[in-house]
Amino acid sequence: MTAHEHFMARALHLAERGLFTTDPNPRVGCVIVKDGEVVGEGWHQRAGQAHAEVNALRQGGDKVKGADCYVTLEPCSHFGRTPPCADALIQAGVKRVFIAMADPNPVVSGNGINKLKDAGITVTVGLLEQQAASLNPGFCQRMRTGRPYVRSKIAMSLDGRTAMASGESQWITGADARQDVQKLRARSSAILTGIGTVLMDDPALTVRPEGDWYPDNDVIRQPLRVVVDSQLQIPAQARVFNNDNKLLIASTVIDSQSNLPMEVLTLPALDDQVDLNALMKALAQREINEVMVEAGAVLNGALLSAGLIDELVFYMAPKLMGNAAKGVFHLPELHTLAENIDLKITDMRSVGRDWRITALPEYTKDI
């Protein structure tokens, strides 16, 4: 690893500290180096607060003049909730700026880079770019395609079953796996489920951290809860109403009578169900970066069939639940092996007594 890669890797590590708190902003880290020594470092901690570059400049003080800056995302060049970071770097007098990746927003991409260059600062882009992009899959995808990154979490037995025929599913996996799921929830912008899961399991869909992994336990950022409920069947006593977190119901009908504490998003119907592509576009317009799906076979199958699941996270318990138990996906019947849905496994590890398998659908065949 070169010295430049070493300092950028440190910036990426800092950026990861904002994994649960920066939404809807990207996770960004910054390291400032003078004569081979780190003089300032910082990360974006929460939306509306100072960006990574500003935090690093404040720590570096007078030492930042003539220094090198390593930042994981192109410094912003526009006024938002905070002033432009490109201007702050210019005013501080840094000599060189190493950027892992350009801003994926096509409206602003390159503007911060050009502003730095126009000020006479040497700029290098692309250092550990892939690692930087992997920190912000949802932000990058939303900016490039207009839809969020969708991650589906599935707890299942070794024989691929998610619930007994009666619907009983608590608990297939152990306590360690369930706490690991809380980390996936905490990094998500929204948690998506279907009305079937609400009626059967009555989930709260909230982040409930245990231990010291959440950075700020007295201010937990709760994701938006989204329920796909085409005909507005949600009961008033459902647990998703039992707190102050925002609840969005995606439906095909207009809510005019319920008076329940929820927002109803009326969307086009597709085969008498909510058009899931339209839902994802609507969520992106609300600055939703990462969607975590915690649903049953019907909604998971519909999302997979529509090509909307970007990542699958399986928690596999060492249990056998039998043929009568419910499967993972409700999909059209596949008649030949050539019709199978290919997955690329990117990670596999034990979590307590269970196994967590992360896989990416390749969508190389029609479903």
Side-chain angles (χ1 to χ4, degrees), residues 1 4-33 37-61 64 67-76 80-82 85 88-89 97-101 103-104 112 127-142 149 151 179-190 207-223 287-290 292 311 313 347 349 351 356 358:
M1 177 181 287
H4 293 314
E5 290 172 335
H6 169 78
F7 292 126
M8 185 62 79
R10 173 60 183 168
L12 289 166
H13 179 72
L14 291 168
E16 193 172 7
R17 296 179 69 171
L19 189 66
F20 308 122
T21 58
T22 66
D23 196 82
N25 292 353
R27 300 122 186 170
V28 182
C30 179
V31 172
I32 299 176
V33 179
E37 299 291 332
V38 174
V39 297
E41 59 183 27
W43 70 96
H44 183 41
Q45 299 177 21
R46 195 174 288 272
Q49 297 182 5
H51 289 188
E53 300 93 320
V54 172
N55 287 328
L57 289 171
R58 286 174 180 169
Q59 188 181 96
V64 303
D68 293 337
C69 173
Y70 297 82
V71 62
T72 60
L73 184 69
E74 176 183 356
C76 61
R81 296 196 213 179
T82 60
C85 292
L89 292 171
V97 176
F98 296 86
I99 300 169
M101 64 177 292
D103 192 320
L127 184 63
L128 302 187
E129 181 176 13
Q130 185 174 355
Q131 292 90 326
S134 68
L135 268 177
N136 296 294
F139 179 78
C140 292
Q141 180 153 293
R142 178 167 67 87
Y149 187 88
R151 178 184 293 112
Q179 189 55 217
D180 197 60
V181 169
Q182 295 297 322
K183 297 179 184 180
L184 292 181
R185 286 185 179 182
R187 68 171 292 165
S188 302
S189 312
V207 177
R208 300 182 295 275
E210 297 177 3
D212 58 1
W213 60 265
Y214 196 91
D216 194 4
N217 279 302
D218 62 334
V219 187
I220 297 173
R221 184 192 62 79
Q222 293 288 350
E287 297 187 306
I288 298 298
N289 291 329
E290 297 182 26
M292 180 178 176
E311 179 180 310
V313 182
D347 185 75
R349 65 186 65 197
V351 181
R356 187 184 75 197
T358 303

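Throughout, numbering of the chain's residues begins at 1 and tracks the sequence. These numbers come from a predicted model, not from an experiment.
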Do [X] side-chain atoms and [Y] backbone N/O form a donor-acceptor pair below 3.5 Å?
X: Q179; Y: E210; result: yes
X: E74; Y: M101; result: no
X: S189; Y: I288; result: no
X: N289; Y: P24; result: yes
X: T72; Y: A132; result: no

> Are N25 and E287 close enough, and set up right, to give a side-chain contact (heavy atoms from CB on, under 4.5 Å), and what steps lead you there?
Replying inline: CA-CA 9 Å; N25 292 353; E287 297 187 306; over 6 Å; no
> Is the number of heavy atoms from other residues, nucleotides or ligands under 6.0 Å of R17 CZ greater than 12?
Replying inline: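 12 or below, so no.
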> Partners of Q182 by side chain to side chain donor-acceptor pair (under 3.5 Å), sequence neighbours excluded?
Replying inline: none
Less than 4.5 Å apart, side chain to side chain, heavy atoms only: is that true for [X] and [Y]?
X: K183; Y: W213; value: yes
X: I99; Y: P75; value: yes
X: L12; Y: Q131; value: yes
X: L14; Y: C30; value: no
X: Y149; Y: M292; value: no
X: D347; Y: R356; value: yes
X: C69; Y: F98; value: no
X: D103; Y: C76; value: no

Which heavy atom in [X] sits nearest to a heavy atom in [Y], and how many Å separate them?
X: L128; Y: A9; result: CD1-N, 3.8 Å
X: R151; Y: S188; result: NH1-OG, 4.5 Å
X: N55; Y: W43; result: ND2-O, 3.0 Å
X: S134; Y: P137; result: O-CD, 3.3 Å
X: G42; Y: A56; result: N-CB, 3.7 Å
X: L127; Y: E5; result: CD1-CG, 3.8 Å

Distance, nearest 0.5 Å, that separates [atom1] of [X] from [atom2] of [Y]:
X: C140; Y: L135; atom1: SG; atom2: CG; answer: 9.5 Å
X: T358; Y: L184; atom1: OG1; atom2: CG; answer: 8.0 Å
X: R208; Y: R185; atom1: CZ; atom2: CZ; answer: 5.0 Å

> Parallel under 30°, tilted from 30 to 60°, perpendicular over 60°: which one fits the rings of H44 and H51?
Replying inline: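 Ring orientation of H44 relative to H51: perpendicular.
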>> If the threshold is 4.0 Å, N to carboxylate O, is there a salt bridge linking R27 and E290?
In response: yes
>> Check D23 with R187, please: is the shortest side-chain N to carboxylate O separation under 4.0 Å?
In response: no
>> Could you walk me through whether Y70 and H4 satisfy the side-chain contact (heavy atoms from CB on, under 4.5 Å) test, starting with their C-alpha distance in whole Å, then the side-chain angles of each, then the deciding distance to 0.1 Å, before giving a yes or no?
In response: CA-CA 8 Å; Y70 297 82; H4 293 314; 2.7 Å; yes
> Taking V31 as the fixed residue, which of M8, R10, H13 is the one that meets the side-chain contact (heavy atoms from CB on, under 4.5 Å) rule?
Replying inline: R10
>> One pair to check against side-chain contact (heavy atoms from CB on, under 4.5 Å): E41 and F7. What are the steps and the verdict?
In response: CA-CA 10 Å; E41 59 183 27; F7 292 126; over 6 Å; no
> Between I32 and L57, does a side-chain contact (heavy atoms from CB on, under 4.5 Å) hold up when you go through it step by step?
Replying inline: CA-CA 8 Å; I32 299 176; L57 289 171; 3.5 Å; yes
